[in-house]
Structures are given as structure tokens and as C-alpha cells.
Amino acid sequence: MIDVKNLSKDYSIKRKGAGLSGALKGLVTRNTDVIHAVKNLSFHIDEGEIVGFIGPNGAGKSTTIKMMSGILTPTGGSVLIDGEDITKHRKEVVRNIGVVFGQRTQLNWDLRLGETFELLKHIYRIGQTDYDKTLDVMNDILGIKELIDKPVRQMSLGQRVKGDLVASMLHSPKVLFLDEPTIALDVSAKYSLRKFIKEINQVRKTTIILTTHDLGDIQELCERLIIINHGEMMEDGNLKEITDRIAPYKTLVVEYYDEEAPSHVKCEMIGHEGNVARYRFAKSDITAADIIADLSAKKSLKDVSIEEAGIDDIIKIAYGN
Ligand SMILES: Nc1ncnc2c1ncn2[C@@H]1O[C@H](COP(=O)(O)OP(=O)(O)OP(=O)(O)O)[C@@H](O)[C@H]1O
Ligand SMILES: [Mg+2]
């Protein structure tokens, strides 16, 4: 469905010296800096996948999404959507994709939401029956109809994001790029958005590439993760497989009746506060049951719980801090 090969993007930015003299000098000598925002990225995404595309600020995620959706021209490499090159057949390919940027609306501020939808209906030549059907489905998931007469200018951020999502789905694209769609959404809007993503993926088999800093989005939606940093590929694989590989441990949390906590040879005590001690252990090394048995032979335990390495551990390790 999506084939990205050796994709790169360089930004050239003009360097200005400080102050007036610097600005004047800039008029004479043009110094430019080059930022290698995306370096040689290659990956393949199958139809119907939901892929979490993540990385720290400035990693190159939005730049990649803009190249994949035809908004930016790559410096090098190619993007094929359903076998067609986005730079060579932009018009045709764009019919197959939808894109939403949580930070920036693509809706017209001066129109009512419904007017923007009507406009898109004409641009994409969507038939009335298809249009009505899509709007019904979107209404069931996002409750969009109550917003249809509202001017975009008067919408709250969450309402606006919902509008953007529906606008991106009207022409029933096969691929949906979502760049931080949950940014600044409240808990319930976030919940509807996740429901929306799951539903269009299941019902319409829409392929989804999702950028987010919300670990809950990833845990809830993505089986596969692509992690980039400094424009380079860090990880590409199954979420659970990546977790097991880069964070192959669990944490046992034990509450005692007093502040004294025994150590265990096969565990690292990563925390000890009051009556509670936290033991980290390698999954391949020992089981939680054995540790509990060993510890309770030394002291009586009041309570225990086990924490799996979470997505936040993975991110910390993969992002390199
Ligand atoms: N229009 C531009 N001109 C010059 N440099 C840019 C431009 N857009 C992005 N950059 C630079 O390219 C790099 C990648 O930016 P990008 O927006 O793709 O990152 P990101 O992964 O989306 O980050 P975030 O999580 O903050 O959204 C950054 O160093 C950024 O400063
Ligand atoms: Mg971004």
C-alpha cells in the first residue's frame, strides 16, 4: 500500500548575523545552513495497518508525513501509494489519501463547517448518496451533525479537529495520515477519536499512519511502531516485539509492614520509599512468583503488584535518554 524508499528531506535556511550589521551583511553574502530533517528512510506499510509513527520533537515526523501526502517534495527518494509515485502522479494519488494536522486546520475559517464539506464534495466529485452515507457514519462516531451550521471560526479546538477529521474522510481515502490528531483534545474527545480510528480501520480497511506524543494512543491503537530520531530510522516492528527486545524486564512492587526491605540477588532495587520497595528483574532470568517466595521467606509481605515495561520505557530507551 505505501512504499517509502530512501526518503530524504533537506531544508535550507538563510543564516542571518546578529543585529543590523548582520542583517546588512546578509544582503551581500548569502549564508545558508542545511538541515537534514529526514535521512534515507525506507519502510513498507500494508493495506489496513495502523502504524504509530513516533519520535521526539524535531525528529522529522511531520516532514515525512508531508512528503508522504504530497505537501512537500522530497530532496531524495520516493513514496509510492498503491503503486503510484506521489510526486509524479500527485493529482491521482491525492484522491486516495486524507491528511489531518492536529496543530493546523485545513478548514476555511470564513465558512460554516457544512459549507466546507459541500466544497470538498464538489472538488472530489463525491456523489450525494456516498456523501450522505459517509456523513451518517461520521455522525455516529463523532457527532458531527450538530456542528454542521457552526462557522469554523467559532469552533473550539476539539470541535475543529473533529471537523478536520470528517473533512479528510469525505472522499473515502484508502490511506489516512494523522499528525498529532489528539493534541489538545479533552479526554472524551480523545476517546471518540480513538474510536473513530479503530472503526474506519475495521469497517473501511483504511490504512492509518499516526503521529502522536500520547502513549495511550499508541497502546490503544497501534500494533506496529516506527520510531525515528534525528531523521533516521531507529525501530520498525511489532510493539510487543520491540518492548520485549529493548525493555525485557518487569518490576515487582512490594509493600511491607515496615520500612525495612530485603534485597534479592536476581533483582535490582530501583526504588524504596516508606514501606514500598520496587524490584526490577529480567523476564528471562526469574519469575515474579519465585521472587515473591524468596522475599516472603525473609519477611512478611503486605501487598504485591507487577508492572510490565510500558511504552514509556520503550520511548525513553529508543529516544536515547
Ligand atoms: N519549513 C522548515 N524550514 C526549515 N527547517 C524546518 C522546517 N520544518 C521543519 N524544519 C526542521 O526539520 C526538523 C524536523 O522537523 P519536523 O517538524 O519534521 O519534526 P517532528 O518530528 O514533526 O517534531 P514534533 O514532534 O515537534 O512535531 C527540525 O529540526 C525542524 O526544525
Ligand atoms: Mg510534528
Side-chain angles (χ1 to χ4, degrees), residues 2 4-18 22-23 26 30-43 45 50-79 86-87 90 97-107 157-158 160-161 164-165 168 175-185 190 193 197 208-222 224-237 239 242 311-312 314-321:
I2 303 175
V4 171
K5 276 218 179 71
N6 306 115
L7 193 65
S8 318
K9 181 73 192 179
D10 295 341
Y11 290 112
S12 299
I13 45 169
K14 295 194 184 82
R15 190 169 2 118
K16 267 194 220 152
R30 285 222 176 277
N31 290 327
T32 51
D33 282 332
V34 176
I35 296 175
H36 305 289
V38 173
K39 303 171 197 163
N40 224 22
L41 279 189
S42 299
F43 52 86
I45 294 173
I50 304 182
V51 178
F53 190 60
I54 62 174
N57 293 135
K61 303 178 297 295
S62 297
T63 303
T64 307
I65 297 231
K66 284 176 190 162
M67 289 193 283
M68 288 198 283
S69 53
I71 296 167
L72 271 182
T73 312
T75 309
S78 62
V79 177
I86 181 107
T87 45
R90 193 172 175 280
I97 64 183
V99 58
V100 174
F101 295 94
Q103 318 229 33
R104 232 180 79 199
T105 186
Q106 311 203 76
L107 303 172
L157 182 58
R160 204 266 291 151
V161 172
D164 261 305
L165 283 162
S168 74
V175 180
L176 187 59
F177 297 102
L178 301 173
D179 192 357
E180 298 193 48
T182 50
I183 196 164
L185 289 189
K190 211 175 261 193
L193 180 96
I197 294 173
I208 292 161
I209 292 86
L210 169 72
T211 285
T212 179
H213 290 290
D214 185 320
L215 306 178
D217 292 344
I218 296 164
Q219 219 137 22
E220 184 97 352
L221 296 167
C222 310
R224 176 173 167 199
L225 279 191
I226 292 179
I227 306 179
I228 65 168
N229 200 357
H230 303 296
E232 288 176 276
M233 178 71 80
M234 306 290 293
E235 295 285 344
D236 176 4
L239 171 62
I242 295 176
I311 179 93
D312 43 344
I314 312 306
I315 304 289
K316 262 186 239 155
I317 297 167
Y319 287 16
N321 48 33

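One-based numbering, in listed order, for ligands and for the atoms of each.
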Kindly confirm or rule out an N or O of [X] lying under 3.5 angstrom from an N or O of ligand 1.
X: Ala59; value: yes
X: Gly58; value: yes
X: Gly60; value: yes
X: Asn57; value: yes

For [atom], find the nearest protein heavy atom and state the residue, atom name and distance (0.1 Å precision).
atom: atom 17 (O) of ligand 1; value: Ser62 CB, 3.8 Å
atom: atom 25 (O) of ligand 1; value: Lys61 NZ, 2.7 Å
atom: atom 18 (O) of ligand 1; value: Thr63 OG1, 2.5 Å
atom: atom 9 (C) of ligand 1; value: Tyr11 CE1, 3.4 Å

Side-chain ([X]) to main-chain ([Y]) donor-acceptor, under 3.5 angstrom:
X: Lys61; Y: Phe53; result: no
X: Asp164; Y: Gln106; result: yes
X: Thr211; Y: Glu180; result: no
X: Ser12; Y: Thr32; result: no
X: Ser168; Y: Val99; result: no

Are His213 and ligand 1 in contact, using a heavy-atom cut-off of under 4.0 Å?
yes
Is ligand 1 less than 4.0 angstrom away from at least one heavy atom of Glu180?
yes
How about Thr87 and Ser78: do any of their side-chain heavy atoms sit closer than 4.5 Å?
no
Can you tell me how far the CD1 atom of Ile2 sits from the CD1 atom of Ile209, to the nearest 0.5 Å?
3.5 Å
Does only the side chain of Thr64 get under 4.0 Å from ligand 1, or the backbone, or both, or neither? Count heavy atoms.
neither
Heavy-atom protein neighbour under 4.0 angstrom from atom 13 (C) of ligand 1:
yes
Kindly indicate whether atom 31 (O) of ligand 1 is approached by any protein heavy atom to under 4.0 angstrom.
no
Specify whether an N/O/S atom of Asn57 falls short of 2.8 Å from the Mg ion (ligand 2).
no
Asp217 vs Thr182, side-chain hydrogen bond (donor to acceptor under 3.5 Å, both in side chains): CA-CA, chis, key distance, verdict
CA-CA 8 Å; Asp217 292 344; Thr182 50; 2.6 Å; yes
Using a strict cut-off of 4.0 Å, indicate which atoms of ligand 1 neighbour a heavy atom of Ile13.
4 (C)
Around atom NE2 of His213, are there more than 12 heavy atoms from other residues, nucleotides or ligands closer than 6.0 Å?
yes
Could you walk me through whether Asp10 and Thr75 satisfy the side-chain hydrogen bond (donor to acceptor under 3.5 Å, both in side chains) test, starting with their C-alpha distance in whole Å, then the side-chain angles of each, then the deciding distance to 0.1 Å, before giving a yes or no?
CA-CA 6 Å; Asp10 295 341; Thr75 309; 4.7 Å; no
